[in-house]
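Encoded as structure tokens, the structure appears first; notes follow it.
Chain letters run A, B, ... following the sequence lines, proteins first, then strands; residues in each count from 1.
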Protein chains: 2
Amino acid sequence: MSDDAWEPPAILLAVDLVILTLREARLHVLLVERGIEPYKGAQALPGGFLQHSQESLVAAAHRELAEEADLDVETLCLEQLGVYDDPGRDPRGRVVSVAFLAIAPRLPEPTAGTDAADAGWQPTDRVLSGELNLAFDHRRIVTDGVERARAKLEHSALATAFVGPTFTITDLQDVYEAVWGMPLDPRNFYRKIKKTDGFIVPAGSARKAATGRPARLFRAGPREALYPPMIRPADPPNGKEQAQ
Amino acid sequence: MSDDAWEPPAILLAVDLVILTLREARLHVLLVERGIEPYKGAQALPGGFLQHSQESLVAAAHRELAEEADLDVETLCLEQLGVYDDPGRDPRGRVVSVAFLAIAPRLPEPTAGTDAADAGWQPTDRVLSGELNLAFDHRRIVTDGVERARAKLEHSALATAFVGPTFTITDLQDVYEAVWGMPLDPRNFYRKIKKTDGFIVPAGSARKAATGRPARLFRAGPREALYPPMIRPADPPNGKEQAQ
DNA sequence: GCTACTTTTTGTCAGATTGACAAAAACGTA
DNA sequence: TACGTTTTTGTCAATCTGACAAAAAGTAGC
């Protein structure tokens, strides 16, 4: 490309957000109903274009989140998920979108913002299964986001981000079961968690549900990366792949 | 953002490539000497701007690779590494760059292309340590790329991408040692590899170096994801973190 | 041809980890 | 006080890991 007279291509840069949380022991994703064309009326991830050329991507992400879902998530830690740039993914022209992922403890019901007709939590199952159709390539983005969360639970203390400041080991197990989508043995889970140094630290004695032995409370520990990782059981219980 | 009169911000979209390979049992990255300002004369990752608004990011990546390093890597599998968008990372204006990562078996010495004064392989050590300075934020990108490769070695059969079509188990071990930057026990490595179903399949009897028992040859197996993962030993041999 | 040396491959063995399951502990409730 | 529930502590066999020995299969030197 030895062209001196080079015209910058007209490309629009956007951000999309996959916000995951736990509600009633199921993994949910934040969706908005699009208030404008294209895909007006369809469910979509919150997101939008960069406002000006100096706005950073994460700044745009936080701004869109506030605008579209009225969520106060200053503290929310956004992680880059990927870039989606298939030409033709947006009928308006060439739109390259950077997706971000965030994990949140139980959040308040979001209220509709200016650009979105409505905002609310939907179970990720319904999106992944295709039961619920999303605008653009947002189903793929959600799929990637959930898979990222699953993987991160194995190697990081991410699970504590789903729950409140103090929690019980059973709370943590609920997170793993909801995100991984499989049941785990409470006894073995308990043992594994407790012996992973720095994952959790005690937070006073405890009390919880109406019935059963009260559970001890813990707080997130200093450890960010889990060294002996929490290996999730092989996914395909229906698969029959056997090599060698 | 309820503005109808909205001016698309002037943002340039670029790609950068982290091409990793093994040379003399060390991990190397492909660098070019910049032939134009800014950072003219400095070492940098191959990459450049999207040519037109319909060009996909991977297409641009392949094109730049051919242009700048004259490498024929049609078959090279590029994986998205991340987006680098710090305003101010490029003195020419707002440049958002999407980085791609590729792993390659021993490649021919690249020849300089049109935009780059020179192209060649440099040990990643020299980049990570800061001994070799790179243009823009390319040192960070290389750091992220190497870390990604390290992580992928744990869970995928990526190691076979570093070697030729047929290889010995020792070849594989060299890959792990070079990328992880630590020595591994040949006996235990051998055992672990052989018992990971589908990782490698036999490829006829074998022969190799001038000395020692001839090693058996293998070919990459069907397995993409390693189920019992290859857990790499804890990184910090100098660390002393102990909680609980 | 025989010995020395090198590298690959096959074992061994104790300690740690895992998965499945039992049982005790610590509550509320009838 | 007996019962049901949930948390917590154990147990046990199977598996996996890390450290190390030894056999196997070549080449090189004499």
Side-chain angles (χ1 to χ4, degrees), chain A residues 25 153-155 163 166-177 180 182-219 226-237 242 244, chain B residues 25 153-155 159 163 166-177 180 182-197 199-219 226-237 242 244:
Chain A
L153 280 192
E154 295 191 86
H155 302 278
V163 294
T166 69
F167 49 86
T168 70
I169 293 194
T170 305
D171 289 339
L172 270 193
Q173 183 177 344
D174 291 342
V175 173
Y176 275 89
E177 289 187 333
W180 283 354
M182 56 178 71
L184 302 172
D185 183 285
R187 287 87 53 105
N188 295 336
F189 185 83
Y190 197 96
R191 176 183 43 176
K192 175 77 176 174
I193 293 290
K194 289 218 66 170
K195 113 150 84 90
T196 301
D197 271 356
F199 193 171
I200 56 175
V201 295
S205 58
R207 168 137 329 198
K208 223 190 71 169
T211 177
R213 172 173 179 173
R216 271 180 266 186
L217 285 180
F218 296 89
R219 195 181 309 282
L226 303 184
Y227 173 47
M230 299 275 306
I231 312 182
R232 84 181 115 158
D235 256 336
Q242 286 294 62
Q244 174 71 263
Chain B
L153 243 42
E154 296 191 86
H155 303 277
V163 294
T166 70
F167 50 85
T168 70
I169 292 193
T170 305
D171 289 338
L172 270 193
Q173 183 177 342
D174 290 341
V175 172
Y176 275 89
E177 290 187 338
W180 282 355
M182 56 178 70
L184 303 173
D185 182 286
R187 287 88 52 104
N188 295 336
F189 184 83
Y190 197 96
R191 176 182 42 170
K192 174 79 175 172
I193 292 290
K194 289 217 67 171
K195 114 151 83 90
T196 302
D197 271 357
F199 193 172
I200 57 175
V201 294
S205 58
R207 168 139 326 202
K208 223 192 73 174
T211 177
R213 173 173 177 172
R216 272 180 267 186
L217 284 179
F218 296 89
R219 195 180 310 281
L226 303 184
Y227 173 47
M230 300 274 307
I231 313 181
R232 82 181 117 154
D235 257 336
Q242 287 294 63
Q244 173 70 263

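Listed by chain and residue number, A:Asp171 satisfy the side-chain hydrogen bond (donor to acceptor under 3.5 Å, both in side chains) test with A:Thr168 (two or more places apart in sequence, or in another chain). B:Pro214 meets the side chain to side chain contact (heavy atoms under 4.5 Å, CB included) test with no other residue; sequence neighbours excluded. The side chain to side chain contact (heavy atoms under 4.5 Å, CB included) test applied to B:Arg187 returns B:Asp185, not counting sequence neighbours. B:Arg219 pairs by the side-chain hydrogen bond (donor to acceptor under 3.5 Å, both in side chains) definition with nothing, not counting sequence neighbours. Under the ring-ring contact (aromatic ring centres under 6.0 Å, His included) criterion, B:Tyr190 pairs with no residue at all, not counting sequence neighbours.
The distance between atom CE of A:Met230 and atom P of C:dT17, rounded to the nearest whole Å, is 14 Å. Regarding B:Asp197, its CG atom lies at a distance of 15 Å from the C1' atom of D:dC16, rounded to whole Å. Taking atom OH of residue A:Tyr227 and atom P of nucleotide C:dT17, one finds them 10 Å apart after rounding to whole Å. Distance CG (B:Asp185) to C1' (C:dT8): 13 Å, rounded to an integer number of Å. At whole-Å resolution of the value, CG in B:Leu184 and C1' in D:dT17 are 13 Å apart.
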Scan nucleotides 1-15 of chain D nucleotide by nucleotide, 5' to 3', and note B when protein non-hydrogen atoms come under 4.0 Å of the base, S if they reach only the sugar-phosphate, - if neither. ----BBBBBB-----
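Residue A:Lys192 places none of its side-chain N or O atoms closer than 4.0 Å to OP1 or OP2 of C:dT17.
Between A:Leu153 and A:Arg232, every side-chain heavy-atom pair lies at or beyond the 4.5 Å cut-off.
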